[in-house]
Number of protein chains: 2
Amino acid sequence: MYSSFRNNIEKFVKLTDAEWDLMVPYLEIRKLKKHELFAEQGKVAGELCFVLEGMLRQYYMKDGEEKTTYFFFDNHLAGAYFSCISQKPSLLTIEALSECKVIVFPYKVLKELFETNMAWQTFGRLLAEYLAMGLEDRMVELLILSPEERYLELVKGNKTKIMERIPQHYIANYLGLTPVSLSRIRNRVVKK
Amino acid sequence: MYSSFRNNIEKFVKLTDAEWDLMVPYLEIRKLKKHELFAEQGKVAGELCFVLEGMLRQYYMKDGEEKTTYFFFDNHLAGAYFSCISQKPSLLTIEALSECKVIVFPYKVLKELFETNMAWQTFGRLLAEYLAMGLEDRMVELLILSPEERYLELVKGNKTKIMERIPQHYIANYLGLTPVSLSRIRNRVVKK
DNA sequence: TCAATACGATAACATAAGATAAGAAAAAAG
DNA sequence: CTTTTTTCTTATCTTATGTTATCGTATTGA
């Protein structure tokens with residue numbers, strides 16, 4: 001049941017069974033209904049999860065509008081990681097885009113493992129480095145590519161099929177544009 | 001000589017003298033001339049540095065143009081961190097914007113410390129988390145703020161005086177716009 | 001010191017994006 | 001199955017940005 005989660009962690013660092021077992025008692029399978037929130041703006045996040053099935057989105061509020069900035073798919077960690085780390089109220093909300101099955105665990109437990117076990121600590125570093133590299137890529141794309149180029153990069157990727165199931169206005173936000181603008185770009189690109 | 005570097009590290013994690021001494025033999029003071037490169041696109045980076053004096057910029061090439069995406073000031077770590085981590089050729093170049101005095105050290109040494117010492121490993125995690133949080137903030141600004149709002153955020157910050165010494169077209173890139181556009185925004189903002 | 005280069009402001013024009021609204025299509029809810 | 005809601009496209013209008021070019025000034029380097 002938890003093996004996909006363990007496998008995913010072990011892409012970063014190998015764990016002995018004993019080390020893995022330090023985490024297991026705190027894992028909990030949870031189902032999220034569509035539109036259910038996993039983390040909420042203004043609240044200090046205490047939990048992270050590993051997505052087994054389904055997908056989620058992360059959004060910020062600006063001028064009363066939801067601005068979607070990230071998606072979480074299966075086999076990935078999700079959660080308001082930086083709120084957990086800083087113990088400050090989260091600036092973002094995480095919502096299930098579909099029915100989801102996730103493995104939930106308290107960040108406190110992970111932190112405890114970070115501080116007491118070298119392998120887990122290494123995992124913590126490698127995970128943060130992995131997150132940072134992803135964010136750097138994303139930032140560079142936003143800085144140096146035009147909206148149309150960003151859209152083309154997105155459809156070039158391997159997430160095309162998944163993306164098709166996500167409402168387009170969320171993807172527009174993700175690319176830093178308005179839904180109307182994305183619709184126009186799609187129209188333009190098709191004609192080329 | 002190295003105390004500001006140590007202090008900076010100890011903002012993340014306290015080190016015993018013995019732990020600090022593990023790093024000291026590998027530190028080297030280096031002066032960079034204006035326009036001298038510290039890391040170069042296409043080359044695998046092997047060194048990081050801590051800036052004692054001066055400032056540097058990081059840029060990517062796109063369509064034959066340099067796109068500045070980040071600045072490094074004194075009392076901060078600089079370098080092609082992700083190239084060091086991944087041992088892949090760097091996508092970015094780091095250039096001294098002024099005469100610089102930096103403390104240089106091989107990433108290999110740092111990695112060795114990560115893997116053999118718990119305090120250093122913790123530093124590695126906290127550093128990566130810190131970098132990731134900064135990148136997340138930056139990304140969100142790019143996604144949900146308009147160019148003008150981004151400029152206003154920048155001048156609101158505490159780096160105003162430093163920024164004044166940086167050529168404006170670098171700052172334009174950093175904000176994700178063209179130099180001409182930044183000039184117009186500045187003009188517009190003054191009149192309000 | 002002088003010449004070359006880099007820098008920033010501005011203008012003119014073309015293009016693309018934002019805002020808003022309307023209508024069709026698709027999905028969700030009852 | 002029908003109604004309601006959400007989603008997407010399209011059109012119009014306005015505005016901001018990109019592109020290119022010019023000009024005066026500041027900086028740099030020989």
Side-chain angles (χ1 to χ4, degrees), chain A residues 32-36 54-55 57 59 62-68 71 95-100 141-155 160 162-192, chain B residues 32-36 54-55 57 59 62-68 71 95-100 141-155 160 162-192:
Chain A
L32 302 174
K33 288 182 202 143
K34 189 171 177 174
H35 295 134
E36 191 174 337
M55 51 192 179
R57 74 182 174 113
Y59 66 84
K62 162 132 198 270
D63 305 332
E65 282 185 13
E66 297 174 358
K67 301 284 187 181
T68 299
F71 302 105
E95 181 205 68
L97 274 173
S98 63
E99 289 260 320
C100 288
E141 286 207 350
L142 288 168
L143 280 176
I144 75 183
L145 298 184
S146 69
E148 183 168 325
E149 288 170 322
R150 295 203 291 276
Y151 172 71
L152 291 172
E153 278 296 315
L154 184 74
V155 297
T160 318
I162 305 170
M163 285 292 182
E164 275 167 13
R165 280 181 283 145
I166 297 177
Q168 204 165 291
H169 61 282
Y170 294 155
I171 294 174
N173 289 166
Y174 176 82
L175 293 172
L177 0 125
T178 59
V180 178
S181 193
L182 176 56
S183 180
R184 275 189 295 229
I185 288 171
R186 285 162 56 89
N187 186 302
R188 209 157 60 215
V189 167
V190 169
K191 284 176 184 163
K192 278 181 185 168
Chain B
L32 303 174
K33 287 180 200 145
K34 190 170 178 173
H35 295 134
E36 191 173 339
M55 51 193 177
R57 74 180 173 115
Y59 65 85
K62 162 136 198 268
D63 304 331
E65 284 185 9
E66 298 175 358
K67 300 283 187 181
T68 299
F71 301 106
E95 179 204 69
L97 274 173
S98 63
E99 289 260 319
C100 288
E141 285 206 352
L142 289 168
L143 280 177
I144 74 182
L145 299 184
S146 68
E148 183 169 326
E149 287 170 322
R150 295 203 291 274
Y151 172 71
L152 291 172
E153 279 296 315
L154 184 75
V155 297
T160 319
I162 305 169
M163 286 292 180
E164 276 167 14
R165 278 182 283 145
I166 297 177
Q168 202 164 296
H169 61 284
Y170 293 156
I171 294 173
N173 287 168
Y174 175 82
L175 292 173
L177 19 103
T178 60
V180 178
S181 194
L182 177 56
S183 180
R184 274 189 294 232
I185 287 171
R186 285 163 57 89
N187 186 303
R188 207 156 63 215
V189 166
V190 168
K191 284 176 184 162
K192 281 181 182 170

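Every chain is numbered from 1 and lettered A, B, ... according to where its sequence line falls, protein lines coming before strand lines. These numbers were taken from a predicted model, which means no experiment stands behind them.
Closest approach of B/Arg150 to B/Glu141, counting heavy atoms only: CD-O, 3.6 Å. Nearest heavy-atom pair, B/Pro147 versus B/Leu177, reported as atom, atom and distance to 0.1 Å: CB-CD2, 3.0 Å. Nearest approach of B/Ile144 to A/Lys67, heavy atoms of both residues: CG2-CB, 3.6 Å.
For the pair B/Ile185 CD1 and C/dG8 P, the interatomic distance rounds to 15 Å; values are reported in whole Å. Between the CG atom of A/Leu182 and the P atom of D/dT10 there is a distance of 12 Å, given to the nearest Å. Summarising the geometry, the separation between CD on A/Glu99 and P on C/dA28 is reported as 12 Å, rounded to the nearest angstrom. Atom P of nucleotide D/dG18 and atom NE2 of B/His169 are separated by 16 Å, given to the nearest angstrom. A straight line from CZ of A/Arg188 to C1' of C/dA14 spans 13 Å, rounded to a whole angstrom. Distance CD1 (A/Ile166) to P (C/dA27): 15 Å, rounded to an integer number of Å. Here the P atom of nucleotide C/dG8 and the OH atom of B/Tyr151 are 12 Å apart, to the nearest Å. The distance from atom CD1 of A/Ile171 to atom C1' of D/dT9 is 15 Å, rounded to the nearest whole Å.
Side-chain contact check for A/Leu145 versus B/Lys62: some heavy-atom pair is nearer than 4.5 Å.
Between A/Gln168 and D/dT9, a side-chain N or O to OP1/OP2 separation shorter than 4.0 Å is present. The phosphate of D/dT10 has OP1 or OP2 within less than 4.0 Å of a side-chain N or O from A/Asn187. Residue B/Ser181 places at least one side-chain N or O closer than 4.0 Å to OP1 or OP2 of D/dG18.
Listed candidates were C/dA21, C/dC7, D/dC8. Nearest to the side chain of B/Pro167 is C/dC7.
Among the protein residues, A/Pro147 comes within range of the sugar-phosphate backbone only, with heavy atoms under 4.0 Å from sugar or phosphate atoms but none that close to a base. Across all strands, B/Ser183 comes closer than 4.0 Å to base atoms (heavy-atom distances).
In this structure, the side chain of B/Ser98 engages the main chain of B/Met55 through a donor-acceptor pair within 3.5 Å.
Between A/Val180 and A/Ser146, the one whose closest nucleotide on DNA chain C sits nearer the 5' end is A/Ser146.
For C/dG18, the base has a donor-acceptor partner in the side chain of A/Arg184 [N/O atoms by modelled type, under 3.5 angstrom]. Judged by distance alone, with hydrogens and angles left aside, B/Arg186 brings no side-chain donor or acceptor close enough to the base of C/dG8 to form a pair under 3.5 Å.
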